[in-house]
*Asks:* 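Quick one: the structure is below, questions incoming.
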Amino acid sequence: QVQLVESGGGSVQAGGSLRLSCRVSGYAESRRCLGWYRQAVGKEREGVATFYTDTSAAFYADSVKGRFTISQDNAKNTHYLQMNSLKPEDTAMYYCATDTRTLCETRLRQVDFTYRGQGTQVTVSS
């Protein structure tokens, strides 16, 4: 059974930083697409970043490019979303997700993942 567990959310002032973590278990294939997406209250889901685990190629939404970085620690089966220069509009529930490595960049735009975690709340105050 595939499980993803997020942690690291919280409240921060604008300009601050947070690092979200996502531990993945039960997914046998090490070469896959990892990603993060978010959903604010009353808004559609928005892909934030995706990442090929074998090539480390990463893709970012324009809204976070240059501020967020996705990475992984293979030894811990954990991937991370480092979020810097946070803005109030970054406030949302953040979900980590994973799926096969096929079309990882497309998954960012379409927010199309088979497996996701339960979410962690990020609140940025002005």
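The figures that follow rest on heavy atoms only: side chains count, while hydrogens, waters and symmetry mates do not.
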*Asks:* Check the surroundings of atom CD in Glu29: do more than 12 heavy atoms from other residues, nucleotides or ligands lie under 6.0 Å from it?
*Replies:*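 More than 12 heavy atoms, drawn from other residues, nucleotides or ligands, come within 6.0 Å of this atom.
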*Asks:* Rounded to the nearest 0.5 Å, what separation is found between the CG atom of Leu34 and the OG1 atom of Thr50?
*Replies:* 9.5 Å
*Asks:* Is the backbone of Gln118 close enough, under 3.5 Å, to the side chain of Glu6 for a donor and an acceptor to pair up by distance?
*Replies:*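 Such a contact is found between Glu6 side chain and Gln118 backbone.
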*Asks:* Side chains of Met93 and Val41, heavy atoms from C-beta outward: is any pair under 4.5 Å?
*Replies:* no
*Asks:* Is there side-chain contact between Tyr80 and Thr69, with heavy atoms separated by less than 4.5 Å?
*Replies:* no
*Asks:* Taking Arg67 for the side chain and Ser85 for the main chain, is one N or O donor matched with an acceptor at less than 3.5 Å?
*Replies:* yes
*Asks:* Mind listing the side-chain donor-acceptor pairs of residues 13-28 below 3.5 Å, one per line with the distance, residues two or more places apart or on another chain?
*Replies:*
from, atom 1, to, atom 2, distance (Å)
Ser17, OG, Asn84, OD1, 2.9
Tyr27, OH, Thr100, N, 3.3

*Asks:* Might you work through the side chain to side chain contact (heavy atoms under 4.5 Å, CB included) test for Phe59 and Arg109, ending with a clear yes or no?
*Replies:* CA-CA 10 Å; Phe59 309 95; Arg109 296 193 302 270; over 6 Å; no
*Asks:* Between atom OG1 of Thr102 and atom OH of Tyr52, what is the distance when rounded to the nearest 0.5 Å?
*Replies:*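 Rounded to the nearest 0.5 Å, the OG1-OH separation comes to 7.5 Å.
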*Asks:* So which heavy atom on Tyr115 is nearest to which on Leu4, and how close?
*Replies:* CB-CD1, 3.7 Å
*Asks:* On a heavy-atom basis, which atom in Phe113 and which in Cys33 lie closest, and how many Å separate them?
*Replies:* CE2-SG, 4.0 Å
*Asks:* Does the side chain of Thr55 come within less than 4.5 Å of Arg101's, by heavy atoms?
*Replies:*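 Answer yes - side chains close enough.
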*Asks:* If we count only N and O atoms by modelled type, under 3.5 Å, do the side chains of Ser63 and Glu46 hold a donor and an acceptor together?
*Replies:* yes
*Asks:* Would you say Gln72 and Phe51 make side-chain contact, with heavy atoms under 4.5 Å?
*Replies:* yes
*Asks:* Looking at every heavy atom in both Cys96 and His79, which two are closest together, and how far apart are they?
*Replies:* CB-NE2, 3.7 Å
*Asks:* Check the angle between the aromatic planes of Tyr95 and Tyr37 and answer parallel, tilted or perpendicular using the 30° and 60° thresholds.
*Replies:*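 Answer is parallel, since the angle falls under 30°.
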*Asks:* Do you reckon Tyr94 sits in the same ILVMFWY cluster as Ile70, going by side-chain contacts under 4.5 Å, direct or chained?
*Replies:*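 Same hydrophobic cluster.
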*Asks:* For a quick test of reading the model, state the closest non-hydrogen atom pair linking Arg45 to Val111 and the distance between them.
*Replies:* NH2-O, 3.7 Å
*Asks:* For the pair Lys87 and Asp90, evaluate salt bridge (charged side-chain N to carboxylate O under 4.0 Å, His left out) and give the outcome as yes or no after the intermediate values.
*Replies:* CA-CA 5 Å; Lys87 304 175 181 180; Asp90 293 319; over 6 Å; no
*Asks:* Are the side chains of Phe68 and Leu86 in touch, meaning some heavy atoms are under 4.5 Å apart?
*Replies:*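 Result yes, sub-4.5 Å side-chain heavy-atom pair found.
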*Asks:* Regarding Asp99 and Thr114, is there a side-chain donor-to-acceptor distance under 3.5 Å anywhere?
*Replies:*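 Looking only at side-chain atoms, Thr114 and Asp99 do form a donor-acceptor pair, the distance falling under 3.5 Å.
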*Asks:* Rounded to the nearest 0.5 Å, what separates atom OG1 in Thr120 from atom CZ in Arg38?
*Replies:* 14.0 Å
*Asks:* Mind checking side chain to side chain contact (heavy atoms under 4.5 Å, CB included) for Asn77 and listing every partner two or more places apart, or none if nothing turns up?
*Replies:* none
